[in-house]
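It should be emphasised that the depicted structure is a prediction, and the values quoted were computed from it without experimental measurement.
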Amino acid sequence: MTQDAKPDDQTQRLVLITGPSGAGRSTAINVLEDLGYEAIDNLPLSLVPRLLDGPARPVPLALGLDVRNRDFSAANVIELIDRLTRLPDYEPEVLFLDCATEQLLRRFNETRRRHPLRAEGAPLDAILAERDMLAPIKARADVLVDTSELSPHDLKAELARWFDTDQGRRLTVSVQSFSYKRGVPRGVDTMFDCRFLANPHWEPALRPLDGRDAAVQDYVAADSRFAEFFQRILDLLLFVLPAHLEEGKAHLVIGFGCTGGQHRSVTMAEKMADALAKAGWQVSTRHRELERRQKAPAPADDGQSSGPRVASVG
């Protein structure tokens with residue numbers, strides 16, 4: 001199914017949500033509920049046909065399918081998908097939330113929750129077993145979303161692109177900062193390189209701060225090239241954003257990168273988000289490297305050019 005595909009107006013929209021434990025299924029169900037869906041989680045597969053008997057509902061339906069169900073199996077889920085596809089009153093779509101194995105393992109270790117397929121021991125074997133179990137369902141997915149690098153806000157925006165039923169919605173803009181040393185984030189639509197700007201890393205008093213601090217912003221903005229660079233990008237975005245909205249795009253991600261993702265890119269992202277918000281756009285910000293440091297504190301490294309370039313990290 002393509003992003004522009006829409007269920008027929010005479011059919012009931014039905015989204016089946018599944019994926020490995022820890023990939024964000026519960027968050028996705030809450031998001032679809034916020035979007036106006038009737039959301040039901042962890043319903044036994046055998047009860048789904050009974051649920052769909054009777055008159056059509058006034059709102060679309062979202063069902064969470066979980067490996068904790070006693071009758072859950074890839075064969076049963078695929079049989080259910082095939083059965084629903086044959087029903088004339090429903091237009092089923094399978095939303096599969098995937099996530100990198102190492103990220104799933106990190107999430108289970110951080111939350112100290114037990115994996116539903118294994119009560120005791122390390123969760124890695126259970127994660128791998130569940131991934132194998134779900135592989136045939138993943139192959140049948142209509143919408144596949146990788147949540148490895150997505151915050152709950154990012155996941156909500158991504159799901160809104162596919163499942164928002166409000167045709168009058170506005171274009172939401174996400175402005176993000178990142179480090180080129182850690183690779184370009186997934187899903188960035190437009191990206192700008194800030195590494196030519198004056199680097200606060202080389203000022204000892206500014207090194208431990210980040211681009212959300214006024215002192216860092218003032219230092220970066222004092223670069224003689226900053227004002228024109230900023231204004232040209234702002235003018236470009238104010239030109240293209242209405243065109244994206246007219247084209248039907250629901251979410252646009254704008255990235256600003258520098259060496260370490262702490263000073264220059266954060267400054268640009270903060271200032272650009274503020275300018276776009278003042279221009280009337282719905283804007284959110286995300287600072288990938290600052291989020292990483294909050295989870296696992298590490299020394300600031302905005303000015304270092306040595307060290308490995310991890311291109312596989314999103």
Side-chain angles (χ1 to χ4, degrees), residues 99-100 102-103 106-107 110 146-155 157-158 172-223 225-227 229-230 232-234 236-237 251-277 283-314:
C99 186
E102 59 271 19
Q103 182 64 29
R106 185 178 302 114
R107 291 175 184 177
E110 288 176 352
D146 189 332
T147 69
S148 302
E149 295 293 336
L150 297 184
S151 67
H153 175 84
D154 296 329
L155 178 56
E158 180 67 17
T172 60
V173 181
S174 176
V175 183
Q176 303 184 10
S177 66
F178 64 92
S179 163
Y180 277 102
K181 292 200 300 181
R182 292 188 177 274
V184 176
R186 297 188 181 107
V188 173
D189 297 294
T190 305
M191 181 173 54
F192 300 96
D193 191 339
C194 305
R195 287 176 290 187
F196 68 91
L197 295 171
N199 192 348
H201 173 83
W202 303 115
E203 295 293 330
L206 300 179
R207 184 174 301 179
L209 305 179
D210 62 61
R212 296 170 299 183
D213 295 294
V216 172
Q217 292 186 2
D218 290 344
Y219 183 93
V220 176
D223 188 312
R225 300 162 294 189
F226 176 86
F229 177 59
F230 180 88
R232 284 175 179 260
I233 293 176
L234 177 59
L236 173 64
L237 294 176
H251 185 64
L252 188 77
V253 182
I254 302 164
F256 291 96
C258 64
T259 306
Q262 179 177 340
H263 296 119
R264 295 166 289 182
S265 61
V266 175
T267 294
M268 281 293 298
E270 286 286 315
K271 286 184 170 291
M272 190 60 64
D274 182 63
L276 292 175
V283 185
S284 65
T285 58
R286 181 192 179 195
H287 304 300
R288 188 183 70 179
E289 314 316 331
L290 301 186
E291 291 177 7
R292 290 177 182 271
R293 291 179 180 122
Q294 287 174 353
K295 295 178 181 178
D301 189 24
D302 192 43
Q304 302 298 323
S305 59
S306 60
R309 185 181 182 89
V310 188
S312 61
V313 177

Exercise for the section: Starting from the C-alpha separation in whole Å, work towards a yes-or-no answer on side chain to side chain contact (heavy atoms under 4.5 Å, CB included) for Phe229 and Met268. Expected result: CA-CA 10 Å; Phe229 177 59; Met268 281 293 298; 3.7 Å; yes
Exercise for the section: Identify the heavy atoms of Asp223 and Ala198 that sit nearest to each other, and give their distance. Expected result: OD2-N, 2.8 Å
Exercise for the section: May I ask you to test the Thr259-His201 pair for a side-chain heavy-atom distance under 4.5 Å? Expected result: no
Fill in the blank from the handout: Nearest heavy-atom contact between Ala277 and Val283 is N-CG2, 3.8 Å
Practice task
Give, for atom SG of Cys194 and atom CG of Asn199, the distance between the pair rounded to the nearest 0.5 Å.
Solution key: 11.0 Å
Completion exercise
Value for CZ (Arg212) from NE2 (His263), rounded to nearest 0.5 Å, stands at 11.0 Å
Practice task
Would you name the heavy atoms of Pro208 and Pro204 that are closest together and state the gap between them?
Solution key: CD-O, 3.4 Å
Exercise for the section: Hey, could you give me the CG/CG distance between Leu155 and Leu150, rounded to the nearest 0.5 Å? Expected result: 6.0 Å
Problem - pair Arg195-Tyr180: side-chain heavy atoms closer than 4.5 Å - result: yes
Exercise for the section: Could you grab the distance from atom CG of Leu209 to atom CD of Glu203, nearest 0.5 Å is fine? Expected result: 11.5 Å
Practice task
Can you see which heavy atom on Ser179 is nearest to which on Gly261, and at what distance?
Solution key: CB-N, 3.7 Å
Exercise for the section: To the nearest 0.5 Å, tell me how far Arg264 CZ sits from Cys258 SG. Expected result: 5.0 Å
Exercise for the section: List the steps and the verdict of side chain to side chain contact (heavy atoms under 4.5 Å, CB included) for Lys271 and Asp274. Expected result: CA-CA 5 Å; Lys271 286 184 170 291; Asp274 182 63; 5.7 Å; no
Handout entry: Ala215 to Leu206 - nearest heavy-atom pair and separation
Key = CB-CD2, 3.8 Å
Exercise for the section: Could you tell me which non-hydrogen atom of Val220 sits nearest to which non-hydrogen atom of Pro200, and how far apart they are? Expected result: CG2-CG, 3.7 Å
Fill in the blank from the handout: In Asp154, Val266, Thr285, Ile254, the residue satisfying side chain to side chain contact (heavy atoms under 4.5 Å, CB included) with Gln176 is Asp154
Problem - Min side-chain heavy-atom separation Phe256-Ile233 under 4.5 Å - result: yes
Practice task
State whether Arg288 and Glu291 are salt-bridged, where the test is any N-O pair (Lys NZ or Arg NE/NH1/NH2 against Asp/Glu carboxylate O) under 4.0 Å.
Solution key: no
Problem - Distance under 6.0 Å and angle within 45° of ring axis: Arg225 vs Phe196 - result: no
Practice task
For residues His287 and Phe178, determine if any side-chain heavy atom of one lies less than 4.5 Å from a side-chain heavy atom of the other.
Solution key: no
Practice task
Go through the steps to decide whether Asp210 and Arg293 satisfy the test side chain to side chain contact (heavy atoms under 4.5 Å, CB included), and finish with yes or no.
Solution key: CA-CA 12 Å; Asp210 62 61; Arg293 291 179 180 122; over 6 Å; no
Completion exercise
CD of Gln262 to OG1 of Thr267, rounded to nearest 0.5 Å, is 10.0 Å
